[in-house]
Amino acid sequence: MKAVVAGAAGGIGQPLSLLLKACPLVDKLALYDVVNTPGVATDLSHISSIAQIEGFLPADDGMKKALTGADIVVIPAGIPRKPGMTRDDLFKINAGIVQGLIEGCAENCPDAFILVISNPVNSTVPIAAEVLKKAGKFNPKKLFGVTTLDVVRAETFVQSLTGEKDPSKTVIPVIGGHSGETIVPLFSQAKPAVKIPEDKLDDLTNRVQFGGDEVVKAKDGAGSATLSMAYAGYRFAEKVMKAAKGETGIVEPTFVYLPGVEGGDAIAKETGCEFFSVPVELGKDGAQKAINVLGSANEYEKKLLQACYEGLKGNISKGIEFVQNPPQK
Ligand SMILES: NC(=O)C1=CN([C@@H]2O[C@H](COP(=O)(O)OP(=O)(O)OC[C@H]3O[C@@H](n4cnc5c(N)ncnc54)[C@H](O)[C@@H]3O)[C@@H](O)[C@H]2O)C=CC1
Ligand SMILES: O=C([O-])CC(=O)C(=O)O
């Protein structure tokens with residue numbers, strides 16, 4: 001497996017590259033960024049793991065060299081939030097960054113799994129899809145918005161109520177998008193079941209929806225979640241790679257283009273959103289099946305879902321519009 005990290009010198013990129021360097025599934029690891037990748041790659045190259053590592057900058061066709069032959073490309077390139085900003089405030093800069101990197105993927109590694117971390121995910125994934133469509137290279141089974149951090153947060157925050165020793169043993173579907181009210185944790189469907197006192201549910205739900213803000217506030221101007229995101233991004237990338245190698249029964253929520261994934265059409269109809277995060281069964285070719293968990297949401301969660309649909313639709317159209325009718329420079 002050849003893995004590429006685009007944005008590899010950043011706050012997420014560096015620890016994510018470390019985890020991928022240590023991963024026995026990876027034989028080759030290419031680090032791409034507009035700065036500092038030679039240093040990061042040389043540092044990581046001293047680790048005695050299997051992956052052969054190289055760093056690339058834009059000069060000398062660096063992006064092309066990094067992406068050529070890639071099986072999986074993980075993208076945490078772009079600016080992070082500061083206090084007072086929404087994820088949508090990042091659109092202006094990050095939309096163009098993601099567009100450029102995806103054009104590179106379309107040209108140099110059209111068959112790779114592409115995992116988009118750059119915010120606003122609700123819009124950058126539709127941008128990626130449009131760019132790939134334009135190039136005639138769109139495979140919806142291989143394009144993923146990474147929403148795993150929302151799942152990881154739900155698992156962690158519910159632990160104070162369950163007392164479970166290992167929080168990752170509680171499976172909680174978190175669906176919708178990746179910002180504020182578009183993030184919908186379905187605690188009613190936790191496995192094993194969790195009992196959440198009624199007076200605690202609002203706070204718990206809110207903490208998952210606004211977990212990103214908690215970190216932005218604590219970092220006080222020095223960025224947003226990086227280490228927990230690197231963990232979450234790695235967890236998702238590892239699942240995609242394991243499934244690609246033939247492991248079965250792997251399911252994780254991720255933000256996908258529903259009409260392109262088996263079982264997705266019905267969910268797109270019900271939600272009115274073509275892009276949506278749902279638990280997806282992963283297979284050799286990527287997203288094998290979208291699992292419809294909407295029907296079993298309780299009344300509380302159904303209300304959250306209504307708010308989610310409204311916000312998400314606008315974010316999705318904004319991304320599509322950016323590629324179809326590019327802003328005048
Ligand atoms: N999906 C999710 O759950 C999460 C997403 N994020 C998002 O991830 C992104 C990155 O966050 P951080 O690593 O904290 O930011 P950072 O600023 O520390 O790192 C970003 C890196 O991207 C690089 N970069 C910029 N333009 C590039 C280009 N055209 N090609 C390649 N690399 C480029 C920068 O040089 C920098 O090294 C942000 O947009 C942030 O909002 C952050 C946390 C969670
Ligand atoms: O909050 C942010 O801007 C970064 C992010 O997406 C998260 O931590 O969930």
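In each ligand, atom 1 is the first atom listed, and ligand 1 is the first ligand listed. Small disclaimer: the values here were computed from a predicted structure and weren't measured. Residue numbers start at 1 and run along the sequence shown.
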Given the side-chain rings of F187 and Y300, with only the six-membered ring counted for Trp, is the space between their centroids under 6.0 Å?
no

Atoms in ligand 1 with a heavy atom of V121 nearer than 4.0 Å:
1 (N)

Enumerate the protein residues lying less than 4.0 Å from ligand 2, judged by heavy-atom distances, in chain and residue-number order.
R81, R87, N119, L149, R153, H178, G212, S224, A225

Side chain, backbone, both or neither: D150 near ligand 1, heavy atoms under 4.0 Å:
neither

Consider ligand 1: state whether an atom of it lies below 4.0 angstrom from any non-hydrogen atom of G100.
no

So which of A225, A232, P120, G212 gets nearest to atom 43 (C) of ligand 1, if we judge by its closest heavy atom?
A225

Identify, by atom number and element, the atoms of ligand 1 in contact range of V35, meaning under 4.0 Å from any of its heavy atoms.
35 (O)

In a table with atom names and distances, give each donor-acceptor pair under 3.5 Å that connects a side chain of residues 216-230 to protein atoms at least two apart or in another chain.
| residue | atom | partner | partner atom | Å |
| --- | --- | --- | --- | --- |
| K219 | NZ | S224 | O | 3.0 |
| K219 | NZ | T226 | OG1 | 3.1 |

Any non-hydrogen atom of G223 lying under 4.0 Å from ligand 1?
no

Rounded at 0.5 Å granularity, tell me how far NZ in K92 sits from CD1 in I79.
11.0 Å

heavy-atom search around atom 11 (O) of ligand 1 in the protein gives I12 CD1, 3.5 Å

Between CG of N315 and CG of N122, what distance do you get to the nearest 0.5 Å?
4.5 Å

E214 bridged to R207 by N-O distance under 4.0 Å:
yes

Is the shortest side-chain N to carboxylate O distance from D203 to K200 below 4.0 Å?
no

For ligand 1, the portion of T148 having any non-hydrogen atom under 4.0 Å away:
neither

Close aromatic pair by centroid cut-off 6.0 Å: F275 and Y257:
yes

Judged by modelled atom types alone, do E252 and T148 share a side-chain donor-acceptor pair under 3.5 Å?
no

Would you say that more than 12 heavy atoms from the other residues, nucleotides or ligands in this model lie under 6.0 Å from the NZ of K289, or not?
no

Going only through I, L, V, M, F, W and Y residues with side-chain contacts under 4.5 Å, is there a path from L90 to V74?
yes

Side-chain contact, heavy-atom cut-off 4.5 Å: V208 with I183?
yes

Hey, which atoms in ligand 1 end up nearer than 4.0 Å to a heavy atom of L90?
41 (O)

Nearest protein heavy-atom contact for atom 14 (O) of ligand 1: which residue, which atom, what distance?
T226 CG2, 3.4 Å

Should the proximity of D33 to ligand 1, defined as any heavy atom under 4.0 Å, be assigned to the side chain, the backbone, both, or neither?
both

In ligand 1, which numbered atoms sit nearer than 4.0 Å to a non-hydrogen atom of N94?
39 (O)

Within the supplied structure, the quantity of interest is the number of heavy atoms (other residues, nucleotides, ligands) at a distance under 6.0 Å from K133 NZ; does it exceed 12?
yes

Nearest non-hydrogen protein atom to atom 5 (C) of ligand 1, with distance, is I117 O, 3.0 Å

Pick one of side chain, backbone, both or neither for how P76 approaches ligand 1, counting any non-hydrogen atom pair under 4.0 Å.
backbone

If you measure from the Lys or Arg side-chain nitrogens to the Asp or Glu carboxylate oxygens, is any gap between D213 and R81 under 4.0 Å?
yes

Out of V146, L57, N119, who gets a non-hydrogen atom closest to atom 7 (C) of ligand 1?
N119

Atoms in ligand 1 with a heavy atom of I79 nearer than 4.0 Å
38 (C), 39 (O), 41 (O)

Quick test: of every protein heavy atom, which one is nearest to atom 4 (C) of ligand 1, and how far off is it to 0.1 Å?
M229 SD, 3.5 Å

Protein heavy atom at shortest distance from atom 18 (O) of ligand 1
G11 N, 2.8 Å

If the threshold is 4.0 Å, N to carboxylate O, is there a salt bridge linking K65 and D60?
no

Could you identify the single nearest non-hydrogen protein atom to atom 3 (O) of ligand 1 and state the distance to 0.1 Å?
H178 NE2, 3.0 Å

Salt-bridged, E155 to R235, with N to O below 4.0 Å?
yes

Contacting atoms of ligand 1, where contact means under 4.0 angstrom from a heavy atom of Y32:
30 (N), 31 (C)

Looking at K302, I want to see if its NZ is surrounded by more than 12 non-hydrogen atoms of other residues, nucleotides or ligands under 6.0 Å.
yes

Should one rank V40, I97, V5 by closest heavy-atom distance to atom 29 (N) of ligand 1, which comes out on top?
I97

For atom 19 (O) of ligand 1, which protein heavy atom lies nearest, and how many Å away is it?
G10 CA, 3.2 Å

How far is atom 20 (C) of ligand 1 from the closest protein heavy atom, and which atom is that?
G78 O, 3.2 Å

Verify whether the ring centers belonging to F255 and F276 lie closer than 6.0 Å.
no

